[in-house]
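Notes to accompany the following structure.
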Amino acid sequence: MVSIPVEVAARCYEVKIEDGLLAKAGDLLRAQLPEHRSVFIVTVDPVLRKWGRPLTTSLRKSGFLPHFLRLPEGERYKRLSTVEELADKLAKLGADRDALILAFGGGVAGDVGGFLASVYMRGLDFVQIPTTVLAQVDASIGGKTGVNLKAGKNLVGAFHQPRAVLIDPAVLSTLSAREYRAGLYESLKAGIIGDVQLFEEFENNRAAIAAREPKTVERIIAASVRLKARVVSADEREYGLRRILNLGHTIGHALEAETGYRKLLHGEAVAWGMIAAARIAEFVGRLGSPESARMVAAVRALGPLPKLEITSRSIVRRLLSDKKTRGGKVHFILPGRIGEVEVVNNVPEPAVLEAVKEIRSLSHLK
Ligand SMILES: NC(=O)c1ccc[n+]([C@@H]2O[C@H](COP(=O)([O-])OP(=O)(O)OC[C@H]3O[C@@H](n4cnc5c(N)ncnc54)[C@H](O)[C@@H]3O)[C@@H](O)[C@H]2O)c1
Ligand SMILES: [Zn+2]
């Protein structure tokens, strides 16, 4: 079993990764949390149907009393009213300060479950058992929780670190091909940010990754988690370093917003954003063209990405009103080479415009 520590101020916790781990979840949590009995599992129906049984069997065997808090499926339910409903259910079920919240699902269940845990009775212990690639390599690590407002995504939330994160790559077998791939872009991102070996794994082991070969999948998840854990441990509250995790996200977020959050999965938007970031880095002379081409090729090799039905101008306009805009500056995370990125805030507008035009035409190529 791979075990990766996350060192945050409150308490260090471990991310454990192993194929088939779900069947051991009860024992692993019991070793960590001897005092808890009631476990409230925040989840969505598809995950509950496919993977609920091995989890609850294992929890019961270890003396936990599991209850389910189901939330409707979809990003649109990541909102305050859902948290209120779940909190009401917790109260009805008699949850007190010793209750444990277990977020079991993708990033939506993780963000809602984590936020619920951060506010119910001013804070309950919680653990994450993420079930999408995106949640396993990214969302479940680092303690950011929250919900969306009409005005924008993730505008209400809290830092609330889990007591443990348990990752079973086997649950990814039921994920749709598109969701699976979309999560992989965040893992590839981790490679570009700070792990050449991980990046090369994407270049050299394409077929095994696509086939979800367990050993390969476990390795790339572990490497991505290690990178994220390292960054979060150094900058828990996103004062500086943690921003590098936003590679591909400046343009990615603008693409998501400009297409009404309907056309692109988050990872797909980040994929286009990473291609744009590589090209911008090349335009401004920070990245050599062979390395830029390698990054673009690695992103594109993961499979087809949706077409971008946007105008380049609208993206640039949106970037200027982006929440990451501070003092009129847009921050970009730009690669200097594979495995190294930096925050840059003086990217000339024409370079951005050119890069967006490029990804747009790339997306329309057959
Ligand atoms: N907190 C953070 O640091 C952080 C970081 C990145 C993203 N996020 C958030 O994560 C969310 C996106 O997460 P996501 O991509 O996991 O989306 P998601 O939670 O909506 O899951 C995607 C889909 O996969 C289904 N699913 C989940 N596990 C499955 C499984 N094992 N088998 C079959 N189907 C399964 C879900 O029901 C859903 O339909 C966004 O809200 C984003 O803001 C948070
Ligand atoms: Zn992301």
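In listed order, ligands and their atoms are each counted from 1. If you're wondering where the values come from, they're calculated on a predicted model, not measured in any experiment.
- Salt-bridge annotation for Glu342 and Arg243: absent, with no side-chain N of the basic residue lying under 4.0 Å from a carboxylate O of the acidic one.
- Inclusion of Ala109 in the set of residues having an N or O under 3.5 Å from an N or O of ligand 1 is not warranted.
- Going from atom CG of Asn246 over to atom NE2 of His331 covers 10.5 Å, rounded to the nearest 0.5 Å.
- Contact atoms of ligand 1 toward Val44: 37 (O) (distance under 4.0 Å to a heavy atom of the residue).
- Heavy-atom proximity to Thr174, at under 4.0 Å, picks out these atoms of ligand 1: 30 (C), 31 (N), 32 (N), 33 (C).
- Heavy-atom contacts of Thr131 reach the following atoms of ligand 1: 27 (C), 28 (N), 29 (C), 30 (C), 31 (N) (cutoff under 4.0 Å).
- At the shortest separation from atom 20 (O) of ligand 1 among protein heavy atoms lies Val108 CG2, 3.4 Å.
- In this structure, CD1 in Ile41 is found 6.5 Å from OG1 in Thr56, a value given to the nearest 0.5 Å.
- At the top of the distance list for atom 21 (O) of ligand 1, counting protein heavy atoms only, stands Thr132 CG2, 3.7 Å.
- Heavy-atom contacts from other residues, nucleotides or ligands closer than 6.0 Å to NZ of Lys89 number more than 12.
- Scanning all protein heavy atoms for the shortest distance to atom 14 (P) of ligand 1 gives Gly107 N, 3.5 Å.
- Only the side chain of Glu73 comes within 4.0 Å of ligand 1, judged by heavy-atom distances.
- Between Lys16 and Glu218, no side-chain nitrogen of the basic residue sits less than 4.0 Å from a carboxylate oxygen of the acidic one, so the salt-bridge criterion is not met.
- Heavy atoms of Asp111 found under 4.0 angstrom from ligand 1 belong exclusively to the side chain.
- Only the side chain of Asn154 comes within contact range of ligand 1, with a heavy atom under 4.0 Å; no backbone atom does.
- For Leu175, heavy-atom contacts with ligand 1 shorter than 4.0 Å involve the backbone as well as the side chain.
- Residue contacts with ligand 1 do not include His266, since none of its heavy atoms lies under 4.0 Å from the ligand.
- Note on Glu268 versus Arg181: no salt bridge recorded, every NZ/NE/NH1/NH2 to OD/OE distance being 4.0 Å or above.
- For the pair Glu354 and Arg279, the salt-bridge criterion is not met [side-chain N within less than 4.0 Å of a carboxylate O].
- Looking only at protein heavy atoms, the nearest one to atom 6 (C) of ligand 1 is Ala139 CB, 3.7 Å.
- Of all protein heavy atoms, the one lying nearest to atom 43 (O) of ligand 1 is Lys78 NZ, 2.9 Å.
- Below 4.0 Å from some heavy atom of Val171 lie the following atoms of ligand 1, by number and element: 30 (C), 31 (N).
- Nearest protein neighbour of atom 41 (O) of ligand 1, counting heavy atoms only, is Glu75 OE1, 2.6 Å.
- A donor-acceptor contact closer than 3.5 angstrom links the side chains of Ser81 and Arg79.
- Note on residues 44-61: pairs passing salt bridge (charged side-chain N to carboxylate O under 4.0 Å, His left out), not counting sequence neighbours, are Asp45-Arg70.
- Atom 15 (O) of ligand 1 has as its closest protein heavy atom Leu134 CD2, 3.7 Å.
- Ligand 1 places these atoms under 4.0 Å from at least one heavy atom of Glu179: 22 (C), 23 (C).
- Comment: Arg37 does not engage Asp98 in a salt bridge, judged by the lack of any side-chain N to carboxylate O separation of less than 4.0 angstrom.
- Residue Gly142 places no heavy atom under 4.0 Å from ligand 1.
- Closer than 2.8 Å to the Zn ion (ligand 2) sit the protein N, O or S atoms Glu186 OE2, His249 NE2, His266 NE2.
- The pair Arg226-Asp195 does not meet the salt-bridge criterion, since no charged nitrogen lies less than 4.0 angstrom from a carboxylate oxygen.
- The environment of CD in Gln197 is sparse: at most 12 heavy-atom neighbours from other residues, nucleotides or ligands sit within 6.0 Å.
- Salt bridge annotation for Glu258-Arg318: present, with a cationic side-chain nitrogen under 4.0 angstrom from a carboxylate oxygen.
- Salt-bridge formation is detected for the pair Lys153/Glu75: a Lys NZ or Arg NE/NH1/NH2 atom is positioned less than 4.0 Å from an Asp or Glu carboxylate oxygen.
- The contact set between ligand 1 and Pro46, taken as ligand atoms under 4.0 Å from a residue heavy atom, comprises 37 (O).
- Near Gly106, the atoms of ligand 1 lying under 4.0 angstrom from a non-hydrogen atom of the residue are 16 (O), 19 (O).
- Judged as a ring pair (Phe, Tyr, Trp, His ring centres under 6.0 Å), and not counting sequence neighbours, Phe115 has no contacts.
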Let me have the donor-acceptor pairs involving side chains of residues 23-31, under 3.5 Å, with sequence neighbours excluded, atom names and distances please.
unit_1: Lys24; atom_1: NZ; unit_2: Glu18; atom_2: OE1; d: 2.4
unit_1: Asp27; atom_1: OD1; unit_2: Ser62; atom_2: OG; d: 3.0
unit_1: Arg30; atom_1: NE; unit_2: Ser62; atom_2: O; d: 2.9
unit_1: Arg30; atom_1: NH1; unit_2: Leu33; atom_2: O; d: 3.1
unit_1: Arg30; atom_1: NH1; unit_2: Pro34; atom_2: O; d: 3.3
unit_1: Arg30; atom_1: NH1; unit_2: His36; atom_2: O; d: 2.8
unit_1: Arg30; atom_1: NH2; unit_2: His36; atom_2: O; d: 3.1
unit_1: Arg30; atom_1: NH2; unit_2: Ser62; atom_2: O; d: 3.3
unit_1: Arg30; atom_1: NH2; unit_2: Gly63; atom_2: O; d: 3.3

